[in-house]
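Just so it is clear, the values below take in all heavy atoms, side chains as well, and ignore hydrogens, waters and symmetry mates. Proteins come first, then strands; the chains are lettered A, B, ... in the order of their sequence lines, and each starts at number 1.
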Amino acid sequence: MATPETAPAPYVCDLPGWNADGRTAAAAQAAVETATTLNAGGRDAAKLAAAVAFATDGWPQESPDTPHRVRPDVTFYREVYGNGKLRMPDGAELRHWGFEDEHGNRGIPSPLIRVREGQVVHTQLKSTKGPHTIHHHGIEPDAHNDGVGHTSFDVNTRYTYQWRAAEAGTYFYHCHVNTPLHVQMGLFGGLIVDPETGPGTLWAGGPVYDHERFWVGCAFDPAWARLDHHAGVDGADVGLNRLQPRYFLINDKGGAEALEDPDVAVRAATGQTVLMRLLNATYHPQRWSWDTDVECVCSDGRAFDEGYALREIVMAPAERYDLLLRPRSPGVHRVKVETLHWITGRVLGAAETLVTVTGAPLPDPPGPAQPPAPPYQAPPAPGPAAASPPAAAAPPAPQVAVKGAKTAKRKVTLKERLKRRKREKPPARTRRPAAKKKKPPAKKRRP
Amino acid sequence: MTAITTATDAAQGTTRRSFIKLSAATAAALGTYGVLAWAPRAEGRDHTIDLFITAGETTMVDGRRVPVRTYSPVEDGVSLPGPLVLVAERDRLRIAITNTLDTPHGFAIDGFADSGPIAPGATTALDLVAPPAGTYLYQDPVDAPFNRLLGLHGALVTMPADGTSTPYAGGPVFARQWIWVIQNIDTAWCERAALGATTTLDEIVPDYFLINGRSGVEAVHDEAITIHGRLGEPALVRILNAGVATHAMHFHGNHLDVLCHNAKRAPHAMRKDTIMMPAGFTKDALLPFRAPPDIWPPMAQWGTELTLSYPMHCHAEMSQTAGGGLYPNGMLAHWEVDR
């Protein structure tokens, strides 16, 4: 009763933006040859060849020019390395890949890219060990600068991605070549767009914060480190549909280390605000949970009209959520991230860290407490919603310490933070009313 | 009063996708998956829909053939996913389901209809009023979710009674709408299940990841899957997860307003670039067709080299594979700005 199928002609990419450049035919020919030898298990040679040709059709351009290249406001350099080693909680060494910056900073996640709204950004990629790209996830440029091989090109040597940061929030960047393998191997890093005033305010006119963490929920399967750069694109079954992680980390730390590490754990005082930027960097869903109410205010770089309280949130791969903790009494709060199997929902593993709060307890905030909205796919969060503290007291200067932000640490003055608000609708429960709108000086740009 | 016709698949020249077209009225059409044509009308209509529970094979992107069971509009064919049922609030439906197989199966729309088990060879008719405006997964309630995973699923979409192109009365207006039924195929499991083996979720290791029955190179060349439009003309994307895995639909180029979860308003208004799709869920999201905000220099300074063609792919990257490799021949689609 099968529906009749006819074999398609050899695949020739006709997608918009595709620059054939003579490589399509060669790739298709090679694919047919490979596919013929791999045509086992009931696969169809012509169809397999078409699929292989599509899998390889981003291959590669050496050093393409950046269209309409301008002088940037800020430049980041990211060179691919393939010999990273990271000590796991059980003492084993995890081989990984990553992006290294011009100062030699490496790690999991790769060094942070941190920019401000309105800045024209250049991300200079230097590929090694085969073609790569950088896709700035959540950043929305034209297809040339989007870092997707089959809608533009893979980069064999160098390319400068040009984009302009439009909206403050939490993003990330990653390689988009043979993505299941390359991202799992570590080719990803955090990306933060600050408002024009810089770190210390989540978005223009939005919540201000005293402490900040970019917590990346990681889960690694060391077996994948044995795979080659282009494993599977020739049609071989290399198991990229089966990720069975063994190590569960927050950034690069797991086990007891994640509880103590000063770049992961937080020490704050009562009355302060802790901003937690969360990213799920694995391919299974993750459940983050707290033993106290936190306020969810933003996701995927887009602020909510109104925040809501929760104690638990399930995040799909690549989602980001920004949450605020505003402790009013001293104590130690436990934060946990569990990686859940994408089909069974079973907990595969977990990592935990601590938020240690010192200082004197504060009186309950004024105003009626709002009942918390039930978090999506989670039991209703008990307890009253976090409400605004009095607007009068100015908080101490923020201590912004984002893991991987070695080159981006800076103190921000209160004046800067209060500079301007952009959104028409006031965001929920900001610490203080935003200052009067003030037009910033026009940026100097060259066409 | 059901007329059946066959859509020709432009990309493949095959008759792979079938659809039903109601003869009752031009306005009350059932269409292909993909862009949905909808003509507003003021009054409820009666529809009669015949579905056959059938078994057969479907073909993956690399030519591998997989046994499936589906709701088919014809007695001797398969349709993965089952035909789209597109109705309006106040419409009355009579859905007659014939089980052509030798095991019991059924037909259910969560909370609105459930045939219970239909014996081999038997036909059961369900009479119901169209559920409230929204996107619904219909599926086999017998041995759920495994018969759904084996292919017994499809989409039912109810348009609001006021006849507007909105997902719900008073909702945002869209210019066009697409429907994507996403699905996992575990070829080895399908072969066992087709023979009637019992199973648990632990046994499922999907190796193909489909949108409307297609993936990778075939999906991006399928006009019924590719979303297109001009800037400023929003598209409504209705996504139904008929599989058993949690997916993460990541749109490049634009954030989407997530409007509805399981045909109800989303509990929190969010603008997302990555949309979580738990198994069995439906979500409606508005792709605004805004000028991609981070383009530099401004679009006016570009010429023909400006390309506004973007992928949508699942970020549970295991789903980007076919047969354990072949990236990106998995759960992938494109959306494109017409200019």
Heavy-atom distance under 4.5 Å to chain A: side chain of [X], backbone, both or neither?
X      : value
B:L332 : side chain
B:A269 : backbone
B:L306 : side chain
B:A291 : neither

When you compare the side chains of [X] and [Y], does any donor N or O come within less than 3.5 Å of an acceptor on the partner?
X      : Y      : answer
A:N241 : B:T321 : no
B:T226 : B:W335 : no
A:R302 : B:H255 : yes
B:H334 : B:H252 : no
A:H68  : B:E305 : yes
A:T179 : B:Y327 : yes
B:D62  : B:Y208 : yes

Contact class of [X] relative to chain B, heavy atoms under 4.5 angstrom:
X      : value
A:N145 : side chain
A:H176 : both
A:V238 : both
A:H135 : side chain

Specify which of [options] makes the most heavy-atom pairs with chain A at under 4.5 Å.
options                        : result
B:G63, B:G330, B:G324          : B:G324
B:M299, B:H313, B:H250, B:R271 : B:H250
B:A248, B:P292, B:A322, B:A245 : B:A245
B:P293, B:G243, B:P311, B:A279 : B:P293
B:G323, B:C314, B:P206         : B:G323
B:D202, B:I275, B:L308, B:V68  : B:D202

Among [options], single out the residue with the greatest number of heavy-atom pairs under 4.5 Å to chain B.
options                        : answer
A:C296, A:C298, A:S299         : A:S299
A:L340, A:T344, A:D146, A:T282 : A:D146
A:H136, A:H341, A:H137, A:Q184 : A:H137
A:N280, A:V183, A:V148         : A:V148

Worksheet item: Is a donor on one side and an acceptor on the other found under 3.5 Å between the side chain of B:N254 and the backbone of B:R290?
Response: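 Checked: pair present.
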Fill in: Partners passing ring-ring contact (aromatic ring centres under 6.0 Å, His included) against B:Y71 (at least two apart in sequence or in another chain)
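Only B:F107, B:Y138 meet the ring-ring contact (aromatic ring centres under 6.0 Å, His included) criterion with B:Y71.
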Discussion item. I'd like to know if A:E319 pairs up with B:K272 as an ion pair, taking the criterion as any Lys NZ or Arg NE/NH1/NH2 lying under 4.0 Å from an Asp or Glu carboxylate oxygen.
Written reply: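 A salt bridge links A:E319 with B:K272.
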Practice prompt. Sequence neighbours left out, what passes side-chain contact (heavy atoms from CB on, under 4.5 Å) with B:D338? Give chain and number order.
Written response: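 Here the qualifying residues are B:H228, B:R230.
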